[in-house]
Amino acid sequence: MTTMTETSARFREFKMPDVGEGLTEAEILKWFVQPGDTVTDGQVVCEVETAKAAVELPIPFDGVVHELRFPEGTTVDVGQVIIAIDVAPGSGDAPAPAAAPVQEPAAEPEAEAEPKGRTPVLVGYGVAESSTKRRPRKGAAAAPEAAAVAAAVQAELNGHGAPAAPTPAPAVPVQGGRPLAKPPVRKLAKDLGIDLATVVPTGKDGIITREDVHAAAAPAAPEAPAAVASPVAPAPPVAEAPAAASDSARETRIPVKGVRKAIAQAMVGSAFTAPHVTEFVTVDVTRTMKLVAELKEDKDMAGVRVNPLLVIAKALLVAIKRNPEVNAAWDEANQEIVQKHYVNLGIAAATPRGLIVPNIKDAHDKTLPQLAEALGELVTTARDGKTSPAAMAGGTVTITNVGVFGVDTGTPILNPGESAILAVGAIKLQPWVHKGKVKPRQVTTLALSFDHRLVDGELGSKVLADVAAILEQPKRLITWA
């Protein structure tokens, strides 16, 4: 018999860490291990999403996975145990998982005999094939019962007596106790309140698709009136049911959490705290585009991505060097302006999880090849969803490139804690007066938003004018640096 002391020494628990700066919770996006898997110190066991980014969590010790405390899609508070590891497998009988539900085995699916024993069910993964079937969720058990009640009531109202037994739905293929579905489809089903065990799959090899989940959700609306109707009340008008179904099909509700929730809170805080001012300038960037083409052929730039954003970023860094007062922050608590003697250049990046702003640390000290390399790594990491909270902390000034969407310009909102943000519009061939003649030239529009508490109109105008002047005459990158 394993004693409590031996058990506590044998099993180690891993708690949800604070992977950001004072974050209080994180959502478990994906488990990379299952109960029974062997893990080693430093192995990534799950991916979680905080209010700032998606982060992979490594386990800090060796052993065998004993228990997963929370399924995918669950938001967990920092400090809660999310996984238990058996660090001494084979040393004795393992106790049943403390927080896992149990399922009684039965000879027949409908049998109600007393259980002969209890087998632990690991949350989100079911039990072994040779033990018991997975316990259906409450929603799954209630759905057929509600449907039967609704049918009986409707039959009574129509004078037809008891309804015929419903035709059983086709069996749903399962694997390891779970219906077959990809993680995004599981999340959709959870958001819509649909039990995947009740969904009929149409995908290849019996996989449940997004369309299957939507199809399962669509009939829910018209069934509600029949389920709650009084047997002595007149039947609801037939025309009302399609309207409910139509409303359901015309709307999709998406929970606001994680990165999207943080973005919303930060933007509202920024917009209603810092008095924004935005200035615009349209500039001929033909020479900058020629420089970009030449840099792409330069052997010193081999292996790095060269594009107009690289030159624009360098131009902004030079403009900040010439006007250092713009690189500051407002300290509301102490009523001070905090002047920054370094530039952590933020680059706004659109990702599947929402807008994030990682920044290049000490960008002011980097050469053009170094800046190009840092930009390339930043974009690749953001697209892969691997940007860490640390990479998004401490930004001082930001660039947002709306031109990639074909947009001419915009009025960007400041990243919280920063004093300025530069929006870059699309670069287009336009008629332009050049050397006294109208010629086709490469033209773009820049917009600079700044915090008017610490950046007045003169300073903001100088910064924007300097960036425009450099892009018009890129040789100023050398003469002004």
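All figures in this text were calculated on a predicted structure; none of them were measured in a lab.
- Within the 4.5 Å cutoff, side-chain heavy atoms of Lys340 are placed close to those of Val338.
- Residues Ile413 and Ile421 form no side-chain contact, since every pair of their non-hydrogen atoms from C-beta on lies 4.5 Å or further apart.
- When every heavy atom of Ala382 is checked against every heavy atom of Ala349, the shortest pair comes out as CB-CB, 4.0 Å.
- Side-chain polar atoms of Thr278 and Ser449 form a donor-acceptor pair below 3.5 angstrom.
- Considering every non-hydrogen atom in both Ala363 and Leu345, the closest pair reads CB-CB, 3.8 Å.
- Side-chain contact check for Asp86 versus Arg10: some heavy-atom pair is nearer than 4.5 Å.
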Let me have the donor-acceptor pairs involving side chains of residues 388-403, under 3.5 Å, with sequence neighbours excluded, atom names and distances please.
from	atom 1	to	atom 2	distance (Å)
Ser388	OG	Ala391	N	3.3
Thr396	OG1	Asn327	OD1	3.1
Thr396	OG1	Asn344	N	3.1
Thr396	OG1	Asn344	O	3.4
Thr398	OG1	Glu418	OE1	2.7
Thr398	OG1	Glu418	OE2	3.4
Asn401	OD1	Gly403	N	3.2

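- The shortest non-hydrogen separation linking Val306 to Lys296 is O-CE, 3.1 Å.
- Side-chain contact between Arg453 and Glu332 is present, with at least one heavy-atom pair separated by less than 4.5 Å.
- By the 4.5 Å heavy-atom criterion applied to side chains, Val48 and Leu29 are not counted as neighbours.
- With rounding to the nearest 0.5 angstrom, the OG1 atom of Thr387 is 3.5 Å from the CD1 atom of Ile356.
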Could you go through the side-chain contact (heavy atoms from CB on, under 4.5 Å) check for Phe32 and Leu57 one step at a time? CA-CA 10 Å; Phe32 297 117; Leu57 298 183; over 6 Å; no

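- Of the charged side-chain nitrogens involved, at least one lies within less than 4.0 Å of a carboxylate oxygen, so that Arg69 and Glu67 count as a salt-bridged pair.
- Gln80 places a side-chain N or O within donor-acceptor distance of the main-chain N or O of Asp77, the cut-off being under 3.5 Å.
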Trace of the side-chain contact (heavy atoms from CB on, under 4.5 Å) decision for Ile194 with Val199: CA-CA 8 Å; Ile194 300 300; Val199 179; 3.5 Å; yes

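- Put simply, the side chain of His364 reaches to within 4.5 Å of the side chain of Asp362, judged on heavy atoms.
- Proximity of Met301 to Leu310: side-chain heavy atoms (C-beta onward) are separated by under 4.5 Å at one or more points.
- For the atom pair CD1 of Ile312 and CG of Leu422, the computed distance is 7.5 Å after rounding to the nearest 0.5 Å.
- A distance of 4.5 Å separates NE2 in His66 from CZ in Phe11, rounded to the nearest 0.5 Å.
- Atoms NZ and CG, on Lys314 and Leu371 in that order, are 6.5 Å from each other to the nearest 0.5 Å.
- No donor-acceptor pair under 3.5 Å is formed between the side chain of Glu49 and the backbone N or O of Val55.
- The main-chain N or O of Pro324 is found under 3.5 Å from a side-chain atom of Gln339 such that the two form a donor-acceptor pair.
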Could you go through the side-chain contact (heavy atoms from CB on, under 4.5 Å) check for Val311 and Val292 one step at a time? CA-CA 8 Å; Val311 181; Val292 170; 3.9 Å; yes

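- Here the shortest heavy-atom pairing between Pro71 and Ile28 reads O-CB, 4.2 Å.
- Between His276 and Leu414 the shortest side-chain heavy-atom distance falls below 4.5 Å.
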List, one per line, each side-chain donor-acceptor pair under 3.5 Å for residues 35-45, sequence neighbours excluded.
from	atom 1	to	atom 2	distance (Å)
Asp37	OD2	Gln34	N	2.8
Gln43	OE1	Thr40	N	3.2

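- When all heavy atoms of Pro275 and Asp451 are compared, the closest pair comes out as CD-OD1, 3.5 Å.
- Between Val33 and Val65, the shortest heavy-atom distance links the atoms CG2-CG2, 3.9 Å.
- Using a 4.0 Å cut-off between charged nitrogen and carboxylate oxygen, Lys366 and Glu373 do not count as a salt-bridge pair.
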side-chain contact (heavy atoms from CB on, under 4.5 Å) assessment of Phe450 paired with Ser419: CA-CA 5 Å; Phe450 49 86; Ser419 60; 5.9 Å; no

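- Ring planes of Phe14 and Phe61: perpendicular class, angle over 60° (limits at 30 and 60°).
- In this structure, Thr380 contributes its side chain and Gly376 its backbone to a donor-acceptor pair below 3.5 Å.
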Please evaluate residues Glu56 and Lys386 with respect to the criterion salt bridge (charged side-chain N to carboxylate O under 4.0 Å, His left out), reporting the C-alpha separation (whole Å), side-chain torsions for both, the decisive distance (0.1 Å), and the verdict. CA-CA 8 Å; Glu56 293 181 338; Lys386 304 299 183 182; 2.7 Å; yes

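- Of the N and O atoms on the side chains of Thr209 and Asp212, at least one donor lies less than 3.5 Å from an acceptor on the other residue.
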